[in-house]
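Remarks on the structure that follows.
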Number of protein chains: 2
Amino acid sequence: MRYSKTHKEETRRKLLDSSRALVKKGGFDTTGVEALMSAIGMTPGAFYSHFPSKQALLEAVIQEELEHSIGMFRPGPQNDLETFRKRLKVYLSASHVRHPEAGCVLPALGAELGRGAPQVRGMVEEGLNRMHANWKEALGDEDAAWAALSQCVGALVLARSVKSEAARTRILEANRAHIERLLDAARKPA
Amino acid sequence: MRYSKTHKEETRRKLLDSSRALVKKGGFDTTGVEALMSAIGMTPGAFYSHFPSKQALLEAVIQEELEHSIGMFRPGPQNDLETFRKRLKVYLSASHVRHPEAGCVLPALGAELGRGAPQVRGMVEEGLNRMHANWKEALGDEDAAWAALSQCVGALVLARSVKSEAARTRILEANRAHIERLLDAARKPA
DNA sequence: GTCTATATCTAGATAGAC
DNA sequence: GTCTATCTAGATATAGAC
């Protein structure tokens, strides 16, 4: 055979990894199949050997992105509040704002998810519920967990929407400072 | 003359009002000039009598949307915490989630703003700063104002991204409950 | 499995008639 | 100022050669 038997799945892996970054950086609707394929050095025609449609790729991308995001905050051996605090600081960092291609899918695709097919929104719902369970475990409060999730996603959206570096920094630092209070309240509850 | 002298500005008004809703509902890149024009009963060619490009329309849309959003939370004669609380409940309502076309531009365009031209991001930055000033006045805390803004925008993004009505309600109610605590803390500060 | 080439559609934008 | 018609470019997707 002209191609090894693992060649196809390797190509699919490369395509998926590359597309996850490109889609988060440029948006799903606005990133074409040609761009996705040329990013891995191939031509658009080959795309359809791996996915039946562009929509099918989106579903695979969302699935892997959510799994990855859940993993980032999954309780580990030392899932104490301090670990959680460190992860939050990474989430609310200037680096995360500057590099959507390497970051969380929720602020990166944002409104596009809300306009997505029911299948996509179902996947997001399940992923969010699992994230919430982890955050609740760390914060010890159901409402605070949803609020912190919302705050983090919103902070990234806003920080990316402003023009100046100064404004970006202000938004991020204010959010970090405020969430510190939330963590303090969780550590020593009234 | 075949058209009254106010005809052009009336058409422009109709186009802008209609486009503001359509763009928030369907996204900017994904809503075509043909759709924008046919929504006001006209053909795509006439678009360029009013705006030199689609990008120019976006800038006008963002400008008016931000003005409107600022106005929604502007301190009025009775801008006490109770008034602010009522406005927050409207923002975090199921109706707002269901009707992006009539709601806030920030969660509706979300990531599209972050990918926008510097000119657009400059407008967003100025608008956000004015919103923040109002929220800070109501909450009495600079960091809390940025956090609440972020939380509200993020909550709308997340609530719109899930599939079931139950999940939508859960996210909204948790955010409302949590922000109530913020308001209580602002009313009687430690 | 991937390529080249192309079919088909829709986008943003322009030209010229009325 | 608006319409019809069209240009050009880009999109998703398919056909057939290698």
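Source: prediction; values computed, not measured.
For A:T43, a side-chain nitrogen or oxygen approaches OP1 or OP2 of C:dC3 to under 4.0 Å. Close to C:dT2, at under 4.0 Å from its OP1 or OP2, lies a side-chain N or O of A:T11.
Comparing the helix axis at one end of the helix from C:dG1-D:dC18 to C:dC18-D:dG1 with that at the other, each defined from 5 consecutive pairs, gives an inter-axis angle of 0° (nearest 10°).
Every salt bridge (Lys or Arg N to Asp or Glu O under 4.0 Å) that A:R168 has, sequence neighbours left out, goes to A:E165. In this view, B:D141 and A:R181 satisfy the salt bridge (Lys or Arg N to Asp or Glu O under 4.0 Å) rule, not counting sequence neighbours.
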Can you check side-chain contact (heavy atoms from CB on, under 4.5 Å) on B:H68 and B:E64, steps first, answer last?
CA-CA 6 Å; B:H68 183 259; B:E64 295 206 346; over 6 Å; no

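B:K54 forms a cation-pi arrangement with B:F28, by the criterion of a distance under 6.0 Å to the ring centre and an angle within 45° of the ring axis.
Atom CD of A:Q55 sits in a crowded spot, with more than 12 heavy atoms from other residues, nucleotides or ligands closer than 6.0 Å. Sparse packing is recorded around CD of B:Q119, with 12 or fewer heavy atoms of other residues, nucleotides or ligands lying under 6.0 Å away.
B:L81 and B:L88 fall within a single hydrophobic cluster, where Ile, Leu, Val, Met, Phe, Trp and Tyr side chains are chained together by heavy-atom contacts under 4.5 Å. Hydrophobic clustering of Ile, Leu, Val, Met, Phe, Trp and Tyr side chains at less than 4.5 Å, counting indirect connections, unites B:M72 with B:L106.
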Donor-acceptor pairs under 3.5 Å, side chain of residues 149-157 of chain A to any protein atom, not counting sequence neighbours: which ones?
unit_1	atom_1	unit_2	atom_2	d
A:S150	OG	A:W146	O	2.8
A:S150	OG	B:N175	OD1	3.4
A:S150	OG	B:N175	ND2	3.0
A:Q151	NE2	A:N175	O	3.4
A:Q151	NE2	A:N175	OD1	2.8

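Among the nucleotides D:dT2, C:dC3, C:dG1, the one closest to any side-chain atom of B:M42 is D:dT2.
Panel note: side chain A:E125, backbone B:S164; a donor-acceptor pair is recorded below 3.5 Å.
Against DNA chain C, the stretch residues 14-40 of chain B makes heavy-atom approaches under 4.0 Å through B:T31, B:G32, B:V33. For DNA chain D, the neighbouring residues in residues 45-64 of chain A, judged by any heavy atom under 4.0 Å, are A:G45, A:Y48, A:S53, A:K54.
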